[in-house]
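In the text below, chain A, chain B and the rest are named by the order of the sequence lines, each starting its count at 1.
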Amino acid sequence: MDETQGAFLELRKVTKKFGNFTAVDEVDLVIAEGEFFTLVGPSGSGKTTMIRLLVGMDQPTGGDINLKGVRLNDVPANKRPTCMVFQDLALFPHKSVGENIEFPLKISGVAPDKRRQRAEQLLKQLRLPVDYYSKGVNQCSGGERQRIALARALAFDPDILFFDEPLSALDFRLRKTLEKELKDIHRETGKTFVYITHSLEEAMVMSDRIGIMRDGKIVQIGTPAAIYNDPINRFVAQFMGEVNTLEVESAGKNTVQDIASGARFKVRAMPDGFTKGALIIRPESVKIGQSAAKLPNRVKGTVYNDYALGSRVQYQVRSETGDMQWLVERLQDEPFDGKAGDKVTLGWQTEDSILVGD
Amino acid sequence: MATAKAKSRVARNLIVLWTVCVLAFLYIPMVAIVLASFSKARYFRFPVPRWTTQWYDKAMDSLSIRDLLWTSLSVATLVTVFSVALAFMGALAFARYDWKGRKLYQRLVLLPIFFPQAVLGLALLLWFSALGITTSWHTAVFAHMVWIVPIVILIMSIQVYSFDPSLEEAAYDLGASRFQVLREVTLPILAPGVISGGIFAFLLSWGNFPLSLFSTGADQTVPEWLYSKMVMGYTPMVPTLGSLTMSGAAILIFLFYMVWMIIKSRQSRA
């Protein structure tokens, strides 16, 4: 019973097979009301199939989908109290901005003046000018279209709003702005948001909880911090972007040995039965130069290049044995004025050693 | 520099001249028909010796010509209505949905277009008599459709191909029923294709001769009458009725153009 406490959307052994191919494989998941939950996975991981099952575009071949205790499996998409913001937004090109937003209200038979009132209210809420009401959707910019799609979904007043990577086609800066805006809208509406993306970075900005999907299964669920600090395996760790990865094997209590160089490093805790795996150290955890001298884990190397990343500087350091490239990051104002060719020591704290099994 | 400029001017003039020649070649015969219909002479001579509108007055008064126009109009209208309805579904099957056998369907459904119309007409006539159906303008509607529906499917499919199926899914997801999706999203977006398909259906039926010849039985359409009068018993009513059918088609195309512009400006209003 404990598990279903606060369950809003509940999946039990949800499975979707296409012939012999299992796209979604016995997924159990509980999402709480008002939560911002994000599914992260590479293409082909089953996240798109999953969201299509949840909105009702496809029917699961097994398991149950319950919303507020009601089984949704056989309820068609147009009868479900959920709706989705599509990857390509699916704005109706023959309707104006206002008509697009009003669409779900028109369908449910709301009077024209009431519809307009609500549409204008939503335009304001989404920081769009009210006179956009009669503008053609094809005249709007990418970011504006994004907001119109969200306004249309909100006009439907769904219990859960699904998002199918709607930001993936936008440029970096706009995406960053809209990620935050989406989180603000989530806060303002208090609705349950379920988002899918292939970018853990995007998920971390917005989500209360993140689920990582692989081959139709959710391999790890947790808060952004939990996923970032404790990836359960190498697959999850790969989503963290640029990291230093060493192939290691167990070498005694809380110690691992780098297979390539034979160097030994301390780790926080070793999972039971760990023999081989990957040691992951994030670039920002690695200290360089003087500040590395007293750290428990150290490596010697030569600076190969440096890259300015705005507030931070990244170095590429090649280890003395020549078999490892290290990425090191420091803040712009931290003292180290190394340059290409300098011999340096790298070091990191034991708690920054992230050990994952295969 | 100067010679290059002069050269490009010569080239430009040649292109203009060529275009004018092509247009003249295309339109002089039609203009000649119109001129002939206003000529007092019983046979067409150029320049026109004396002008008159008497053939038009006669055409308007003639019951047989009214009958001809009425038959042609009835056939073309029914062909348009049925073709648009059938071809709309046919085009969705052609371009919108993925189903087993679609490739084969795409090929088979277009074959009648490339079939010689006279042969198609003859084949249909044989079928009608084998089935014991008396041919009349009703059977002509069917005969026209055999050839016209595939063409309209092709025309509508172009529009359907550019249709984004996620629009239908989005409308459905936002609570619309299948019928509401069709009325609110699919039809309005495909409307330009449906309208141009309808125009094609009408004009192709309106001007069709070979299929009508075999399938109208005792009834006669305008093109059939024009042909039979050319073969024997030419009267100046031939160019007159020819001009009338031509201007009917021209007016229809013009109206279509207006509708098209209205739809376009509505879709891209600023």
Side-chain angles (χ1 to χ4, degrees), chain A residues 48 51-52 54-58 75-110 131-140 148-149 151-158 160-164 166, chain B residues 84 88 91-92 95-102 156-198 256-270:
Chain A
T48 301
I51 209 161
R52 288 179 64 87
L54 295 179
V55 288
M57 306 279 187
D58 280 324
V75 180
N78 63 344
K79 300 272 188 268
R80 290 193 191 191
T82 58
C83 79
M84 168 153 100
V85 175
F86 284 65
Q87 182 161 24
D88 62 358
L89 305 181
L91 293 176
F92 305 129
H94 60 298
K95 291 178 183 285
S96 71
V97 171
E99 285 167 344
N100 262 280
I101 298 174
E102 282 180 9
F103 182 80
L105 301 171
K106 185 176 180 187
I107 291 302
S108 58
V110 176
D131 60 13
Y132 268 40
Y133 183 87
S134 47
K135 194 172 177 172
V137 282
N138 291 333
Q139 261 77 57
C140 296
I148 296 161
R152 185 177 67 180
L154 287 171
F156 181 70
D157 198 23
I160 302 186
L161 242 166
F162 294 95
F163 296 87
D164 181 8
Chain B
V84 165
F88 183 67
L92 289 181
R96 164 75 174 83
Y97 298 104
D98 218 355
W99 48 286
K100 216 179 162 188
R102 181 174 115 165
M156 289 185 182
S157 291
I158 297 165
Q159 185 92 29
V160 176
Y161 268 121
S162 67
F163 180 77
D164 174 9
S166 71
L167 296 177
E168 282 182 345
E169 286 192 329
Y172 187 60
D173 185 41
L174 289 164
S177 64
R178 293 282 178 210
F179 176 71
Q180 282 170 319
V181 171
L182 186 70
R183 197 189 60 200
E184 290 284 333
V185 177
T186 317
L187 263 182
I189 292 174
L190 297 181
V194 172
I195 294 170
S196 47
F256 168 63
Y257 180 72
M258 298 296 287
V259 170
W260 183 269
M261 293 315 281
I262 290 168
I263 289 176
K264 271 206 128 172
S265 72
R266 273 185 58 180
Q267 279 193 4
S268 62
R269 74 192 124 187

Considering all heavy atoms, the nearest [X]-[Y] contact:
| X | Y | answer |
| --- | --- | --- |
| A:Asp88 | B:Ser166 | OD2-OG, 3.1 Å |
| A:Pro93 | B:Leu167 | CD-CD1, 3.7 Å |
| A:Asn78 | B:Tyr172 | CB-O, 2.9 Å |

Review point. How about B:Tyr161: does its OH atom have over 12 heavy atoms from other parts shown lying under 6.0 Å from it?
Key: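 Yes, OH of B:Tyr161 has more than 12 neighbouring heavy atoms, counting only those of other groups under 6.0 Å.
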Review point. Quick check: are there more than 12 heavy atoms from other residues, nucleotides or ligands sitting under 6.0 Å from CZ of B:Arg178?
Key: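 Not more than 12 within 6.0 Å, no.
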Review point. Side chain, backbone, both or neither: which part of A:Met84 has an atom under 4.5 Å from a heavy atom of chain B?
Key: both
Check your understanding: With a 4.5 angstrom heavy-atom cut-off, which part of A:Leu91 approaches chain B: side chain, backbone, both or neither?
Key ->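 The answer is the backbone of A:Leu91.
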**Study point:** Identified side-chain contact (heavy atoms from CB on, under 4.5 Å) partner of B:Leu174 from the options A:Pro158, A:Ser108, A:Pro104
**Key:** A:Pro104
Under 4.5 Å from a heavy atom of chain A, the part of [X] involved:
| X | result |
| --- | --- |
| B:Ala171 | both |
| B:Asp173 | both |
| B:Gln180 | side chain |
| B:Glu184 | both |

